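Reviewing the structure listed below.
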Amino acid sequence: MSIFAHIFNLFIHSMAQVRVRFAPSPTGPLHIGGVKTALYNYLFAKKNNGNFILRIEDTDQARFVEGAEEYIMESLKWCGIIVDEGINEGGNYGPYRQSERRAIYRQYADILIDKGDVYYAFDTPEQLENLRRESEKAGNTFIYNATVREKLSNSVSLQENLWKEKLEKGEPYVLRYKMPHNEDIHFEDIIRGHIVVNTRTLDDKVLFKSDGMPTYHLANIVDDHLMEISHVIRGEEWLPSLPLHFMLYHSFGWDPPLFAHLPLLLKPDGKGKLSKRDGDKMGFPVFPLFWPYGETAKGYREEGYYPEAFVNMLALLGWNPGTEQEIFSMKKLIEAFTIDRVGKSGSRFDPEKAKWFNHQYLQNRTNTQLALEFREFLRARGYHVDIVDLETLVGLVKERVSFVKDIWEQADFFFRAPETYDQEVIKKRWKEDSAALLLELRSLLEKINDFSAAGTETVVKAWIEEKGYNTGAIMNAFRLVVVGTSRGPHMFDIISWIGKEETLKRIDKGLSIIGK
RNA sequence: GGUCCAUUCGUCUAGUGGUUAGGACGUCAGGUUUUCAUCCUGUUAACAGGGGUUCGAUUCCCCUAUGGACUACCA
């Protein structure tokens with residue numbers, strides 16, 4: 001394509017309705033790399049007032065996994081990605097499940113057979129497997145292409161009456177694309193620019209399987225055309241088959257959509273594509289939601305991530321707005337998103353940064369929202385606490401946590417007296433006179449009527465000053481008996497929340513156990 | 001092995017034919033605090049290497065290296 005033709009093509013596409021599709025296979029839980037692809041498609045569509053289409057690519061019956069379709073849809077929903085057309089939403093281009101479009105693909109395959117671009121091949125999987133093994137032994141790679149086509153069992157090499165006889169006898173066959181022998185194919189990718197590939201390195205891909213189903217390549221091109229997809233935004237793993245896809249468009253005489261191949265998500269350490277294994281090994285999820293079937297997998301939702309934070313994190317992994325802003329709502333992402341700001345190289349996934357994003361979103365929640373969320377958490381553990389008290393508590397600890405579940409770790413002592421006392425802290429903070437001072441403090445507290453944080457603080461501070469005591473020494477010992485260790489919010493906030501009675505009880509218990 | 005793609009602090013990235021190469025996460029240090037954390041301030045650290053082109057290259061071109069993807073009747 002000349003540069004002018006290309007510019008013209010871009011112009012034409014820019015006039016047309018933007019329609020993008022996310023086309024996962026229901027072979028298991030949707031990987032976060034897949035979610036990222038879906039997200040970029042969605043952002044691009046919405047930025048351009050276009051439609052986001054969900055198409056299920058279930059042409060491989062052997063790999064179909066029960067529950068995967070639902071998982072995909074629930075994942076998108078959790079992320080706030082709204083499907084305009086799809087298997088549940090319907091639309092004018094359905095059906096949106098490829099297994100229900102079987103008849104369509106055969107018609108289109110026949111068109112290419114008639115054109116002579118596709119041929120019948122009768123080689124069995126075993127024969128091909130043997131050929132591959134032999135080639136490998138000889139140090140070569142077996143490629144089913146123009147150089148060996150003539151020697152194999154197909155409608156190109158065989159006499160017409162012979163292969164027609166095979167067809168009539170019902171011998172199994174596949175349909176292969178007749179890749180030209182030695183031609184440079186030029187094509188464009190929005191992210192990568194101009195690419196040239198010579199067809200001699202390509203093979204005669206199977207377009208139609210012997211089970212009557214199309215392969216990805218055929219189904220994909222036919223559906224993208226029929227569904228009037230304007231932009232194909234997909235993972236980089238598809239880049240090697242892009243020349244084939246261009247050839248197919250050419251064979252059909254169709255205008256190809258515009259393509260953008262997104263870089264992959266890489267492992268946090270070491271090398272390679274991010275996989276489920278890495279998540280298990282390093283303790284972070286690789287999937288948006290918990291996967292309950294077979295070999296289960298952790299999900300971001302269940303780990304306590306907010307979908308907004310998850311989406312924000314994913315969006316910034318491979319795209320940036322060109323400004324220093326990092327926190328984006330979905331709405332803001334849509335406003336800011338442009339495909340030319342998508343990077344070219346793979347991004348290593350960083351679980352620490354993911355946590356940071358959640359921290360930011362959690363800080364922006366109101367105490368009421370957080371109290372409600374934390375109440376759910378407490379309920380599951382058998383604690384029933386007044387929402388007003390929880391709002392106060394959440395306000396005391398929110399800035400130190402990244403997840404709602406962390407609140408418990410920061411605040412468990414609000415709900416229960418310590419069972420044990422940190423030996424390290426005892427060693428460091430428990431002095432000769434600690435017991436005596438706490439006893440004195442106990443009788444002081446006992447007399448206070450206003451047990452608010454401010455009320456107790458005023459009285460206690462005045463007492464410390466009057467006696468000329470050391471604030472740190474007293475407060476540290478006090479904290480030890482109330483909390484059990486040296487952590488937590490302001491002491492007076494803690495005792496105000498747990499109340500006078502509980503405070504005195506904890507002092508007594510602490511004194512009796514730590515002693516002297 | 002072959003084909004294609006990629007390469008800026010440890011990580012995500014900004015950026016330009018002449019910049020003190022900027023930000024964020026992390027690290028470390030200091031400050032705040034009755035503790036722990038948070039927070040604040042500061043610090044740290046990068047243009048993969050080699051050739052060109054050029055007065056000048058991180059930026060443009062080539063090569064090498066490294067990494068990745070693909071190489072199925074899987075998507």
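Please read these numbers as outputs of a predicted model, since none were measured by experiment. Reminder, nothing fancy here: chain letters follow the sequence lines and each chain counts from 1.
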A:Arg506: side chain to side chain contact (heavy atoms under 4.5 Å, CB included) partners, not counting sequence neighbours: A:Phe413, A:Ala417, A:Pro418, A:Val482, A:Ile498, A:Glu502
Give one of base, sugar-phosphate or nothing for A:Thr141, where a contact means two heavy atoms less than 4.0 Å apart. base
Base, sugar-phosphate, or nothing for A:Arg341, non-hydrogen atoms under 4.0 angstrom? sugar-phosphate
By salt bridge (charged side-chain N to carboxylate O under 4.0 Å, His left out) - contacts of A:Glu183 (at least two apart): none
Phosphate-side-chain proximity, A:Arg429 and B:U35, N/O vs OP1/OP2 below 4.0 Å: no
With a 4.0 Å cutoff (strictly under), does any side-chain N or O of A:Arg132 reach OP1 or OP2 of B:A72? yes
Report the residues that fulfil side chain to side chain contact (heavy atoms under 4.5 Å, CB included) with A:Thr392, sequence neighbours left out, ordered by chain and then residue number. A:Trp497
Hey, does A:Thr59 reach any base, or is it just sugar-phosphate, or nothing, if we go heavy atoms under 4.0 Å? sugar-phosphate
Could you note down all residue pairs passing ring pair (Phe, Tyr, Trp, His ring centres under 6.0 Å) where residues 117-145 of chain A supplies at least one of them, sequence neighbours left out? A:Tyr120-A:Trp163, A:Tyr120-A:Tyr173
Check whether A:Thr215 reaches the backbone of A:Val206 with its side chain - one donor and one acceptor, N or O, closer than 3.5 Å. yes
Under 4.0 Å, heavy atoms only, any strand: does A:Ser486 hit a base, just the sugar-phosphate, or nothing? base
A:Asn220 near the nucleic acid: base, sugar-phosphate alone, or nothing, with a heavy-atom cut-off under 4.0 Å? nothing
Paired nucleotide for B:U44 [Watson-Crick or G-U wobble; both distances under 3.5 Å]: B:G26
Going by purine N1 to pyrimidine N3 plus the second Watson-Crick contact, or the G-U wobble pair, all under 3.5 Å, which nucleotide sits opposite B:C4? B:G68
Just call it for A:Pro24: base, sugar-phosphate, or nothing, with non-hydrogen atoms closer than 4.0 Å on any strand. nothing
Among pairs that include at least one residue of residues 53-62 of chain A, which meet salt bridge (charged side-chain N to carboxylate O under 4.0 Å, His left out), considering only residues two or more places apart or in two chains? A:Arg55-A:Glu57, A:Arg55-A:Asp223, A:Arg55-A:Asp224, A:Asp60-A:Arg63
RNA chain B contacts made by residues 199-209 of chain A, counting heavy atoms under 4.0 Å: A:Thr201, A:Val206, A:Lys209
Remember a base hit wins even if backbone is also touched, and classify A:Gly318 as base, sugar-phosphate or nothing at under 4.0 Å, heavy atoms. sugar-phosphate
